[in-house]
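Notes to accompany the following structure.
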Amino acid sequence: MRMLARLFLTWIIADLPCAWGQDLALPPWDEEELEALESGELVPGSSLMGQIALDLLFSDNDEPIELDPSVRDLPRHEDEVNLWEESVDPRFYKDYFRDHPSGFLIDPQELLTTHEHKDREGFLSYHARDTAIDFYFYLFDARQELPEDETVQRLIAEQFEEEGPVAVVFYFLGAPERSQIGFSKFLRESAPPEELDKVLAMSIEEALEKSDPLSQIESFSMQASIRLYWLEKVVARNRSGQTSFNGLILPEFEVIAVDEPGIMAGLRSRPALLKSLTVGGIVATAAIFGFLGRFYAERKRIYVFPDAQGSDLLGAPHAAGVGGVISYASVTLPPSSQRAEVPNYLQKM
Amino acid sequence: MKCPRCVQRIHRAASSCPHCGFTQQDAEVLFGAEDVALQKFTDAAGVLRMKEREPMRKLLEKFEKKFPQLFVSIYIGAFQELQSLRQFGFWLLNRAAFTDVDLDRPNENGILVVVDVNARNVGVTYGYSLMPYLSEASTFEALSAAHPSLLQSEYLEAMGTLVSRLEKTLKKGWRKARKDPESVLSAGGQTPRPVGELLQAIREGNRPSSGQKTAIEEEEKR
């Protein structure tokens with residue numbers, strides 16, 4: 001069987017170049033074409049030329065060809081970007097500026113694909129769960145201009161002012177440098193302006209390091225999320241004397257802001273647990289010391305037996321305690337098998 | 001309690017073995033009727049290296065520090081024809097005058113370990129005071145623990161294991177005796193000694209007089 005396979009493979013390998021050579025054979029010249037070529041009537045490649053070029057080729061005119069103005073002025077294809085409207089269609093106004101958003105990513109023009117939308121929406125939702133500052137992301141196209149009188153601050157005033165700590169970004173897909181950011185009143189009053197400005201500046205800087213619009217939006221949102229997390233710390237530090245952070249985040253802020261380990265602060269908030277842990281720690285420490293003390297005492301202990309007197313067993317004055325006798329002659333037998341219990345009168349005397 | 005000759009059980013007050021009639025005098029017929037001078041550690045067989053002898057002595061001193069009334073003696077011999085290791089141990093602990101053991105540690109409070117390196121046997125004998133705490137079973141258990149080292153002829157290590165096991169057994173007995181001394185002592189055939197007699201509890205007549213020949217010398221000469 002193996003031999004047959006070898007023969008088959010040999011035949012295939014030997015026959016392959018022949019078949020390959022047949023398929024790739026060059027077209028042969030016929031006699032007429034060869035004569036036309038030698039006489040100059042046939043120029044190789046001329047069949048690909050247009051009539052004007054052929055006329056010029058076979059004429060003696062060496063002057064440069066003047067293109068037909070109508071041909072030269074053919075309209076150029078516009079960039080794909082220009083196909084988009086530079087203003088936001090009024091039918092999207094309601095979703096952008098009037099209704100309160102149902103999610104953290106607002107993209108009524110569907111600039112992102114469904115998958116990309118879910119991806120970004122998921123990230124913003126994660127951010128909302130992880131930090132106290134909600135982050136709303138409004139998406140516009142690169143060249144789109146906002147409608148007159150519509151600003152990020154107006155949107156915040158109308159939609160988010162009463163919500164507590166909120167950051168709203170107007171992001172222009174493919175043009176992160178045009179992005180705008182606004183903060184709710186709570187944040188404006190709690191954080192220094194330079195800290196607020198830093199959020200947008202650093203996010204744009206991060207986004208511009210990427211060339212792809214999708215990578216840009218990803219970098220932008222991630223950096224903005226990080227900056228908002230730090231902003232949350234700043235706000236907590238500034239408002240540490242307050243008892244609430246609109247009922248949302250002050251307990252968390254307390255944990256972060258104080259200059260003590262987070263675990264201890266958490267334990268202080270649960271006195272019962274702290275108390276039981278303290279008692280447990282004391283008991284454990286006492287047990288360890290007790291164990292060590294006992295171990296040390298055992299090592300140093302002196303064993304004094306009660307004084308006793310016995311009879312003269314077998315006529316012996318001092319000792320009649322006959323203990324065990326063991327043989328260690330055999331390395332294979334266990335100790336129990338080498339117990340010497342044979343009476344001496346059976347041994348050699 | 002067992003007879004050193006016939007290894008049969010005997011009553012703790014028997015003046016002679018009811019099975020074979022063995023007494024101390026029978027042992028003296030075999031090994032001599034005179035006391036013998038002995039150190040608590042004797043390597044008559046010469047199996048221990050010089051550097052092993054000092055640790056062996058320290059091992060015995062450590063035991064004595066922990067048990068201020070007791071002592072352990074180790075005799076390693078190379079006997080040509082020792083008839084009975086049990087009888088020899090029985091006889092030796094009754095006739096030995098330990099020159100390096102304090103007088104307040106009488107032979108009644110001693111544990112003697114005898115090793116016969118020729119026959120490759122080891123036996124333990126103990127005094128009357130230790131009968132409530134030690135037994136043939138517990139001493140055999142201690143010997144079994146030392147057995148692997150004995151097989152390798154590592155006598156220092158073997159004796160270390162043996163003494164350590166004996167210490168454990170004695171500690172157990174001490175705890176029991178602390179709770180109920182009378183029953184523990186009576187189980188070992190002992191009665192509490194009156195306080196007035198304690199001061200007289202010194203070994204007398206256990207030191208050999210000058211010119212006496214020892215049975216050990218005779219045995220080794222043989």
Side-chain ([X]) to main-chain ([Y]) donor-acceptor, under 3.5 angstrom:
X	Y	result
Glu108(B)	Ala319(A)	no
Tyr128(B)	Ala316(A)	yes
Lys65(B)	Lys300(A)	no

Between [options], who has the most heavy-atom pairs with chain A when the cutoff is under 4.5 Å?
options	value
Leu130(B), Val184(B), Leu170(B)	Leu170(B)
Gln152(B), Met131(B), Gln24(B)	Gln24(B)
Leu151(B), Leu134(B), Val114(B)	Leu151(B)

**Request:** For residues Arg301(A) and Lys171(B), determine if any side-chain heavy atom of one lies less than 4.5 Å from a side-chain heavy atom of the other.
**Result:**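 Side chain of Arg301(A) against side chain of Lys171(B), heavy atoms only: no contact under 4.5 Å found.
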
**Any Val304(A) side-chain heavy atom under 4.5 Å of Phe67(B) side chain** =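 In short, these two side chains do not touch, never coming nearer than 4.5 Å.
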
Return yes when atom [atom1] of [X] has more than 12 non-hydrogen atoms of other residues, nucleotides or ligands closer than 6.0 Å, and no otherwise.
X	atom1	value
Glu182(B)	CD	no
Glu28(B)	CD	yes
Arg120(B)	CZ	yes
Arg175(B)	CZ	yes

Between [X] and chain A, which part of the residue has a heavy atom less than 4.5 Å away: side chain, backbone, both or neither?
X	value
Val113(B)	neither
Leu93(B)	both
Leu143(B)	both
Asp26(B)	neither
Ile111(B)	neither
Leu112(B)	neither

**Asked** Do you know which of Ser327(A), Gly323(A), Gly321(A) has the most heavy-atom pairs with chain B at a distance under 4.5 angstrom?
**Response**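 Heavy-atom pair counts peak at Gly321(A).
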
**Message:** I need the residue from Ile302(A), Val325(A), Ile326(A), Val322(A) with the largest number of non-hydrogen atom pairs under 4.5 Å to chain B.
**Reply:**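 Of the options given, most contacts go to Ile326(A).
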
Please round to the nearest 0.5 Å and tell me the distance separating atom [atom1] of [X] and atom [atom2] of [Y].
X	Y	atom1	atom2	answer
Asn109(B)	Asp307(A)	CG	CG	7.5 Å
Leu150(B)	Gln338(A)	CG	CD	10.0 Å
Asn94(B)	Leu314(A)	CG	CG	9.5 Å

Taking all non-hydrogen atoms of both residues, which atom of [X] and which atom of [Y] are closest, and how far apart?
X	Y	result
Pro306(A)	Tyr133(B)	CD-OH, 3.5 Å
Arg339(A)	Phe140(B)	CG-CE1, 3.2 Å
Tyr303(A)	Pro68(B)	O-CD, 3.3 Å
Tyr328(A)	Asn121(B)	CE2-N, 3.6 Å

